[in-house]
Amino acid sequence: QLEFITPFQLYFNPDLIFRKFQIWRLITNFLFFGPLGFSFFFNMIFLYRYCRMLEEGSFRGRTADFVFMFLFGGFLMTLFGLFASLFFLGQAFTIMLVYVWSRRNPYIRMNFFGLLNFQAPFLPWVLMGFSLLLGNSIIIDLLGIAVGHIYYFLEDVFPNQPGGKKLLLTPGFLKMVFDTPEEDPNYNPLPEDRPEPQPRGQDQNEQQHPQ
């Protein structure tokens, strides 16, 4: 907005990425949501809301898995962008988060601007219809829904099928970086790391004369 950089320096361009080594475009194309306006704030609100609900809900205590979902979704969208001439993928990423949340919370009732009442799994499709009414292309929304469905199927559906197994395994280095290590129940701390026991008489005096 301050025009320090322009969208032309951010958009997804495979030729500039692989021939000019402008690697940052692999990330910056997800970070641009257009000029300030209704569409911009609409995307910001949904991105914040559903990213937060996923992180505090089904991904609570699983930060590495949460980050891996970001990387998996971004990778698939980038592959599709190579063939579909898409310039910015941020909205597709938002729709992916909405789709995953909606499928994991199928019984929640939603209200869209006080006009529509529906179950949560229909939310991505309602957003796509709203985007169509605004005159936007629905290719980006369909991409977000498709990638969200692929992740949901591989993570939540296929492992529970007869003969199915978990295919999306979070790399160990992500768990090492983002997840707190589990405490070893057999760990015996060094003497200098053990808390000093207080004299028994002092404990009794504190119980008799609480401050």
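Reckoned from all heavy atoms, side chains included, excluding hydrogens, waters and symmetry mates.
A distance-only check finds no donor-acceptor pair linking the side chain of Trp101 to the backbone of Met96 [under 3.5 Å]. With hydrogens and angles ignored, the 3.5 Å screen pairs no side-chain donor or acceptor of Glu56 with any backbone N or O of Met53. With hydrogens and angles disregarded, a donor-acceptor distance shorter than 3.5 Å links the side chain of Ser102 to the backbone of Val98. With Gln119 contributing its side chain and Pro106 its backbone, the two residues share a donor-acceptor pair below 3.5 Å.
The distance from the CD1 atom of Ile108 to the CZ atom of Phe118 is 11.5 Å, given to the nearest 0.5 Å. Residue Phe93 holds its CZ atom at 7.5 Å from CG of Leu47, rounded to the nearest 0.5 Å. Atom CG of Asn43 sits about 5.0 Å away from atom OG1 of Thr94, to the nearest 0.5 Å. A distance of 13.0 Å separates CD1 of Ile140 from CE of Met128, quoted to the nearest 0.5 Å. One finds the CZ atom of Phe30 at 10.0 Å from the CZ atom of Phe33 (value rounded to the nearest 0.5 Å). The line from CD1 of Ile5 to CZ of Phe32 is 9.0 Å long, rounded to the nearest 0.5 Å.
By the 4.5 Å heavy-atom criterion applied to side chains, Phe12 and Leu26 are counted as neighbours. Pro159 has its side chain out of reach of Lys165: every pair of non-hydrogen atoms, C-beta onward, lies at least 4.5 Å apart. Counting heavy atoms from C-beta outward, Leu123 and Tyr50 have side chains that approach closer than 4.5 Å. With a 4.5 Å cut-off on side-chain heavy atoms, Arg109 and Asn117 count as touching.
Within a 6.0 Å radius of OH in Tyr107, other residues, nucleotides and ligands contribute 12 heavy atoms or fewer. For Arg19, the CZ atom sits in a loose shell: 12 or fewer heavy atoms of surrounding residues, nucleotides or ligands are nearer than 6.0 Å. Lys166 NZ: more than 12 foreign heavy atoms inside a 6.0 Å radius. Within 6.0 Å of CH2 in Trp125 there are 12 or fewer heavy atoms belonging to other residues, nucleotides or ligands.
Ion pairing between a basic and an acidic side chain is recognised when a charged N comes within 4.0 Å of a carboxylate O; Asp156 and Arg103 show no such pairing.
Phe153 and Phe158 have tilted rings, their planes meeting at an angle from 30° to 60° on a 0 to 90° scale.
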For residues 64-92, which side-chain N or O atoms pair as donor and acceptor with protein atoms under 3.5 Å away, sequence neighbours left out?
{"from": "Asp65", "atom 1": "OD1", "to": "Thr170", "atom 2": "OG1", "distance (Å)": "2.4"}
{"from": "Asp65", "atom 1": "OD2", "to": "Arg62", "atom 2": "NE", "distance (Å)": "2.9"}
{"from": "Asp65", "atom 1": "OD2", "to": "Arg62", "atom 2": "NH2", "distance (Å)": "3.3"}
{"from": "Thr78", "atom 1": "OG1", "to": "Gly74", "atom 2": "O", "distance (Å)": "2.7"}
{"from": "Gln91", "atom 1": "NE2", "to": "Asp141", "atom 2": "OD1", "distance (Å)": "3.2"}
{"from": "Gln91", "atom 1": "NE2", "to": "Asp141", "atom 2": "OD2", "distance (Å)": "3.4"}

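Screening Ile150, Leu127, Ile145 against Tyr99 for a side-chain contact (heavy atoms from CB on, under 4.5 Å) leaves a single residue, Ile145.
Residues Val126 and Leu142 share a hydrophobic cluster, clusters being chains of Ile/Leu/Val/Met/Phe/Trp/Tyr side chains in contact below 4.5 Å. Clustering ILVMFWY residues whenever any of their side-chain heavy atoms sit less than 4.5 angstrom apart, transitively, puts Phe59 in the very cluster that holds Val157. Hydrophobic clustering keeps Leu169 apart from Leu167 (ILVMFWY residues linked when any side-chain heavy atoms are closer than 4.5 Å, directly or through intermediates). The hydrophobic cluster containing Leu143 also contains Ile139, counting ILVMFWY residues as joined when their side-chain heavy atoms lie under 4.5 angstrom apart, directly or transitively. No chain of hydrophobic side-chain contacts below 4.5 Å, direct or via other Ile, Leu, Val, Met, Phe, Trp or Tyr residues, connects Tyr48 to Met110.
Of all the heavy atoms in Thr28 and Leu10, the pair that sits closest is OG1-O, 2.9 Å. When all heavy atoms are compared, the tightest approach of Leu97 to Leu54 is O-CD1, 3.6 Å.
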>> Before you tell me yes or no, could you show the steps for Gln22 and Arg25 under side-chain contact (heavy atoms from CB on, under 4.5 Å), namely the whole-Å CA-CA distance, both residues' side-chain angles and the distance that decides it to 0.1 Å?
In response: CA-CA 6 Å; Gln22 296 182 6; Arg25 294 179 183 272; 2.6 Å; yes
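With 3.5 Å as the limit, one finds a donor-acceptor pair spanning the side chains of Tyr11 and Asn13.
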